[in-house]
Structure formats: C-alpha cells, structure tokens
Amino acid sequence: MMLTPLTAGVNLQEELQEQLNIEEIFGFDIGSFHIGFDESTVVSWIIILGMTVLAFILTRNLKIEGNISKRQILLEFAYEKANEFFKTILGPKVEKYIEWLMSLAIFIGVSNMIGLFGMKPPTKSMQVTAAMALTSIVLVEYTAFKNYGVKKRLKKFTKPVAIVAPINVLEVFTKPLSLCMRLFGNIIAAFTIMELVKAVPLLKIGVPAVLSLYFDLFDGLLQAYIFCFLTAIYLEESVEEFDDKPKKKRRRKRKSENENDNNEITTQAEIA
C-alpha cells in the first residue's frame with residue numbers, strides 16, 4: 001500500500017520525460033556529419049503544408065464584384081479585423097509586415113493546438129520557439145538599420161544617455177530570449193498540468209477534457225496573440241524617431257528662437 005504513491009510518481013515522471021523528449025524521425029549522414037530531423041521539425045512541415053493547401057483552397061475563385069460567396073465574406077472579415085488590430089500598433093513605416101505577422105500568428109496558434117490531433121506541438125521544443133524569436137528580432141533589427149542607417153542606429157543605443165548603451169545593447173539579446181522562453185514555458189506548463197490532472201483518479205472523468213479546451217484552444221491562441229503583439233511593438237519601436245542633435249546645437253537653436261521671439265515682441269511694442 002505504501003508503494004502505490006511512489007510507483008504513481010515514478011510513472012508520472014517517466015510519462016512526462018517521454019512526452020518532453022523530442023525524438024528523431026529520420027536522418028542521414030554526410031561524411032562524419034549526421035543530419036537528423038526530429039518530431040518538432042516534421043510536425044512544423046506538416047503544419048506549413050496544411051496551411052498552404054488550406055490557403056490555396058480558401059482563396060480560389062475570389063471575386064471583386066458580383067455574387068460573393070460566404071467563404072470570401074468570412075475571409076475578408078477575418079483579414080480586415082486582423083489588419084485593423086495590427087494597424088493600431090504599427091505605424092505606416094512597418095505596416096508592410098502585417099501579412100507576415102498574421103501568418104506567424106496562425107502558425108503559432110495551429111502549432112499550440114496540434115496536440116488535439118495526437119501530435120506533439122512544435123512549440124514544446126525550445127529550438128522551434130527560439131527560431132521564431134530570432135526571426136522576429138532579426139526582422140526588427142533589419143528594419144531599424146534600414147530606417148536609420150548604420151551610424152544613426154548605433155547612435156540610438158546611447159539614448160537617452162551614453163551610460164545606458166550596454167543595457168540597450170543587451171536588450172537586443174534579451175528580447176528574443178523573453179519571446180522564446182515565454183512561449184516555450186507556457187506550453188510546457190500547460191502540458192505538465194494536464195499530465196498531473198490525468199494522474200489523479202478522481203479527476204480523470206470530465207476534468208481533462210475541460211482543461212484541454214482551455215490549454216489547447218484558449219491558451220494556445222492567447223500565446224500566439226502575445227508573441228505577435230510583442231513583435232509588433234518591437235517593430236514599431238525600431239522606427240521611432242529620436243533627437244540625435246548634440247545638446248550644444250539644441251541650446252543654440254533654442255537661444256536663437258528666444259532671441260527672435262524677443263525681437264518680435266520689441267518690434268510689436270515699438271509699432272504700438
């Protein structure tokens with residue numbers, strides 16, 4: 001009787017370990033190098049292929065005028081709502097990335113919900129979340145350098161004062177880390193909670209199904225929203241204008257403006 005809880009704990013640990021391990025599906029050798037493709041990579045390919053086929057089917061025979069199908073009305077409604085959402089965050093300089101953000105949101109959302117179909121979510125692998133985070137930050141930095149130029153972009157690291165430059169440089173690396181760990185941590189936490197609930201006999205009836213709806217559907221879509229929302233904010237911040245003029249020049253400009261204002265007041269007083 002005393003061994004039952006211990007045995008259950010060991011079985012649960014083994015189950016968690018088995019589910020968290022990302023096994024290799026297939027691979028090949030090139031000389032002394034081995035190239036392998038694990039579960040997360042293969043499932044990601046399946047999701048991308050499915051999204052591509054679905055996009056091809058849904059966008060066939062679209063019309064500009066005449067009788068518009070319900071499918072087209074639904075697609076246009078979804079696109080307009082997503083477009084309006086991202087436009088409230090992004091300025092005109094980075095609005096061209098809205099379609100990319102939409103695609104990223106759909107991919108993450110489907111990846112988080114793919115567990116409902118018996119597959120391991122790719123976002124359960126840190127290499128997948130890290131790759132998406134790095135892609136986002138590379139795009140952010142590319143946009144910043146393209147907008148400011150190399151010299152002005154590097155100068156922005158010294159704002160508001162030069163002493164914070166190391167912190168601003170460190171932020172370039174902490175942003176993808178936070179994106180990666182937030183998405184990965186939430187998916188792993190949800191999976192662990194589900195396994196713990198399944199291990200309790202009294203909770204096996206009904207409770208796992210309800211929690212699955214929350215963690216696989218609501219929380220999965222919520223994490224996709226947060227990831228893309230933060231990426232959109234980083235993109236907008238990357239093109240924000242800042243005052244790069246030296247303090248002396250700004251002081252001289254203000255002084256000359258004040259002198260001009262005083263001259264105008266004096267002239268008006270003399271005329272009066």
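For the single chain, residues carry numbers from 1 onward in sequence order.
- When hydrophobic residues (I, L, V, M, F, W, Y) are linked wherever their side-chain heavy atoms come within less than 4.5 Å, the members clustered with L75 are L54, L58.
- F229 contributes atom CZ, which lies 4.5 Å from atom CD1 of I89 (distance to the nearest 0.5 angstrom).
- The structure places NZ of K120 at 14.5 Å from CD1 of I187, a figure rounded to the nearest 0.5 Å.
- Cluster annotation: V239 and V138 are assigned to distinct hydrophobic clusters (Ile/Leu/Val/Met/Phe/Trp/Tyr, side-chain heavy-atom contacts under 4.5 Å, transitive).
- Transitive grouping of hydrophobic side chains (ILVMFWY, heavy atoms separated by less than 4.5 Å) keeps V164 and V169 in distinct clusters.
- Note on V42: it clusters hydrophobically with I35, by side-chain heavy-atom contacts below 4.5 Å among ILVMFWY residues.
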Q: Kindly indicate, with the supporting measurements, whether the criterion side chain to side chain contact (heavy atoms under 4.5 Å, CB included) is fulfilled by V140 and E237.
A: CA-CA 9 Å; V140 169; E237 289 178 349; over 6 Å; no

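- For the pair C180 and M126, the tightest heavy-atom approach, listed with the atom from each and the gap, is SG-CG, 3.8 Å.
- Residues Q127 and D38 are in side-chain contact: their nearest non-hydrogen atoms beyond the backbone lie under 4.5 Å apart.
- Between the side chains of T143 and Y97, at least one donor-acceptor pair of N or O atoms lies under 3.5 Å.
- Residues passing the ring-ring contact (aromatic ring centres under 6.0 Å, His included) test with F85 are Y225, sequence neighbours excluded.
- When side chains are defined from C-beta on, K124 does not count as touching S40, because their heavy atoms never get closer than 4.5 Å.
- L134 and F107 are members of different hydrophobic clusters when ILVMFWY side chains are connected at heavy-atom separations under 4.5 Å.
- Among residue pairs with one or both ends in residues 77-86, those qualifying as side-chain hydrogen bond (donor to acceptor under 3.5 Å, both in side chains) are Y79-E99; sequence neighbours excluded.
- Contact annotation: the side chain of T129 never approaches that of F227 to less than 4.5 Å [non-hydrogen atoms, C-beta and beyond].
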Q. Can you list the steps and then say if T231 with L139 is a side chain to side chain contact (heavy atoms under 4.5 Å, CB included)?
A. CA-CA 9 Å; T231 302; L139 179 62; 5.9 Å; no

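- Side chains of M51 and I48 form no contact here, defined as non-hydrogen atoms less than 4.5 Å apart.
- No more than 12 heavy-atom neighbours from other residues, nucleotides or ligands sit within 6.0 angstrom of CD1 on I163.
- Not counting sequence neighbours, the partners of L177 by the side-chain contact (heavy atoms from CB on, under 4.5 Å) test are M181.
- The list of ring pair (Phe, Tyr, Trp, His ring centres under 6.0 Å) pairs with a residue in residues 35-66, not counting sequence neighbours, reads F26-F37, F37-W45.
- The closest side-chain heavy-atom distance from L101 to L90 is below 4.5 Å.
- Taking CE of M119 as the start and CD1 of I46 as the end, the distance is 4.5 Å to the nearest 0.5 Å.
- Here the rule is side chain to side chain contact (heavy atoms under 4.5 Å, CB included) with F86, and of L235, I98, V94 only I98 fits it.
- Between C228 atom SG and M102 atom CE the span is 10.5 Å, to the nearest 0.5 Å.
- At least one side-chain heavy atom of L62 sits less than 4.5 Å from a side-chain heavy atom of R71.
- Although no hydrogens or angles enter the test, the distance criterion places no donor-acceptor pair under 3.5 Å between the side chain of R153 and the main chain of E141.
- Under the side-chain hydrogen bond (donor to acceptor under 3.5 Å, both in side chains) criterion, the residue pairs touching residues 100-115 are N112-T123, with sequence neighbours excluded.
- In this structure, S178 and L230 have side chains that are not in contact, with every pair of non-hydrogen atoms separated by 4.5 Å or more.
- Of all the heavy atoms in A162 and P166, the pair that sits closest is O-CD, 4.4 Å.
- Between P122 and I114 there is a side-chain heavy-atom pair separated by less than 4.5 Å.
- Rounding to the nearest 0.5 Å gives a distance of 6.5 Å between OG1 of T52 and CG of L49.
- Closest heavy-atom contact between K146 and K96: NZ-NZ, 3.7 Å.
- When hydrophobic clusters are built by joining Ile, Leu, Val, Met, Phe, Trp and Tyr residues whose side-chain heavy atoms come closer than 4.5 Å, directly or via intermediates, M132 is grouped together with Y142.
- Summarising the geometry, atom CZ belonging to F218 is positioned 9.5 Å from atom CD belonging to Q223; distances are rounded to the nearest 0.5 Å.
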